[in-house]
Amino acid sequence: MLLFENISLALTSLKSNKMRAFLTMLGIIIGIGSVIAIFTVGDSLTIYVSQSMQELGANDVYVMVTQRENSEQSSLNRMNLSSLTTGSAVDEEDYISVQMINDMCEKFSDEVYAVNAQHQIQDMATAGIENKTAKIGLMGTNAGYYITNKLELTAGTMFSEKDYSEKKKVCIVSSKLVEKLFDGDSEKAVGKEITVNLSNRDEIFTIIGVYNANVRTSSSSNSGMMMVLSGATTMYIPLKTAFDLDRKTESFYFIQVITNVGVDSSQLASNLSKFFESYYRNNRNYTVGAFNLSGMVSMLTEMLATLTMAISIVAGIALIVGGIGVMNIMLVSVTERTREIGTRKALGAKNSSIRTQFIVEAMIICLIGGALGIVLGMILGSIASNALGYPANASIKGIIISLLFSMSIGLFFGYYPANKAAKMNPIDALRYE
Amino acid sequence: MSSIIKLDNIVKKFYIGQPNELEILHGISLEVEEGEFVAIVGPSGSGKSTLMNIIGALDRPTSGNYFLDGINVEEATDSELSEIRNQKIGFVFQTYNLIAKTNAIKNIELPMLYAGVDRIERRKNAERLLELVEMSDRAKHLPEELSGGQKQRVAIARAMANDPAIILADEPTGALDSKTGRLVMDLFHKLHKEEHKTIVLITHSNELAEETDRIIHIKDGTIVDITKGGDK
């Protein structure tokens, strides 16, 4: 018998028992819905994470000062209230020095393309010209910083070699600052001197460039929450200038090593760890660790996959329960329609035609349930993704798998009732009251 | 004229080998000619239902031979029995047995569907049969929207669907009042006379049986008498 006829038969039978069909589908809807929701959230998260990692530079190596395990300092720290409040008890003498960075660049000249080093001045500052002022966060950067944090200049130029080496008091300001101080005229701002008011003194800086503050760079994640809330924007100055301003020697808690193309960053990370260890051999509390993001990415993806798998198993159980529901209702349906089955057999239906008819009916229930589940899951997944702050990504793979899976549930749980119908004796079936 | 139905010493036993073994048919031999209208009459418990099941290829005899339109039925597999029922036999039941939630024309198409007739051909033939039973205006009606007589006319059209060798009618007027029962009987006569159908009517009513060509009287599992019916 034709497939089309069976489908239309199944739909007729479902229509005549709408409520029952819906309740039967519910198990499948919930099962498939949760699988799709999980897949959607999982995929969105994975895509988002790997995209942001790519932006940050998955091939870069991050070098930072880390506490040694079992260090005296760490046990002391637990009792040291001040360290808890400041969040860090690392002294500047433990920081990565310029000497170390230069040595590293020399030793790993084949691998290292550039080093991104930065120094943020903690004080809240204001920048002003004449009577107008704007809040700013001061960030000292080297040339390497702009390789991973590209600025879109609307006017002027980037810092020159001389600006960096001669500790010039030049700055690149945001377009938002220009709006406040120069009525939005970027060209006019370039070359102007502005007064930067630190906590206790004034410094004069010359504006050499203006960047578009509306273009989100990963640098904006460096500007703290307080800065965003207070409406302050980052003002970039050369690195050495920043250390001068802070009256501190140039040293770093954290640097980013940008690698040459084709460099195995995991290998470099372990080599760098060993390299820096030589400087910290006599330091009982701190050392320097080097990490690369691709390792972190794969770790995160693996974790996500495990989580997805775990929840999928729970959803799978829901689907099996749903499948048993389908089987139950199909058994009821077969019993109810015993006379119909007898009549069909008298009219010449073969056992296989009867079996196909009921299997198709079970599969249609599961397929409709699956489709509704997919819609439900996509809605829930989008809501969850948006709530977590990630863009929702519908998983095509998940949808196809779910549809196939729900059909196989129909096939699996529909087979027994269908076979029961197929094996009925036509005489008994015709006589059934 | 050749025999459409040829029963030779048919025995049917139930509960074979058990202490309550029961022999319902004790060796029935019967031939029905092509184009004949016969009635099988007997009181309830006489074994006429069992005989009908065997003639209708719903059941196999315990022993004896049954040839339907030249086919040896007792040698057929289950699947072949389905095919025989589909191609050779048109059933008409006392309780109509139309498929619920399925309109009249689709009910008539059903045997053709199982026979693998294509959709256009099915529809064309079903429309012709609806016309034959004067039900064309009810084509799209569901069984629950039809009266008893109308349902039985649709059922008769369905029985005719694959142009079967015989029409097997089991108490076709049993659930109808005498007036509609009359109309249904007239329809059988029309099929007999105009379409030259072989019809086997199973009934307990001597009055209806009298209308047929030949009456086979069954009692306690044996043919007790064969009489010629009154010509209507």
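In this text, all values refer to a predicted model and were calculated from it rather than measured experimentally. Throughout, protein chains are lettered first and strands after them, A, B, ... in sequence-line order, and every chain is numbered starting at 1.
Salt-bridge formation is detected for the pair A/Arg337/A/Glu361: a Lys NZ or Arg NE/NH1/NH2 atom is positioned less than 4.0 Å from an Asp or Glu carboxylate oxygen.
Top candidate by heavy-atom pairs under 4.5 Å with chain A, chosen from B/Gln87, B/Lys106, B/Glu83, is B/Glu83. Most heavy-atom pairs under 4.5 Å with chain B, from the set A/Ala349, A/Pro426, A/Ser352: that is A/Ala349. Interface remark: of the candidates A/Ser13, A/Gly348, A/Gly342, A/Gly348 forms the most heavy-atom pairs closer than 4.5 Å to chain B.
Side-chain contact between A/Leu14 and A/Ile368 is present, with at least one heavy-atom pair separated by less than 4.5 Å.
Of the N and O atoms on the side chains of A/Arg344 and A/Ser353, not one donor lies less than 3.5 Å from an acceptor on the other residue. Remark: the B/Asn162 side chain and the B/Lys88 side chain contain no N/O donor-acceptor pair separated by less than 3.5 Å.
Both the backbone and the side chain of B/Asn97 come within contact range of chain A, judged by heavy atoms closer than 4.5 Å.
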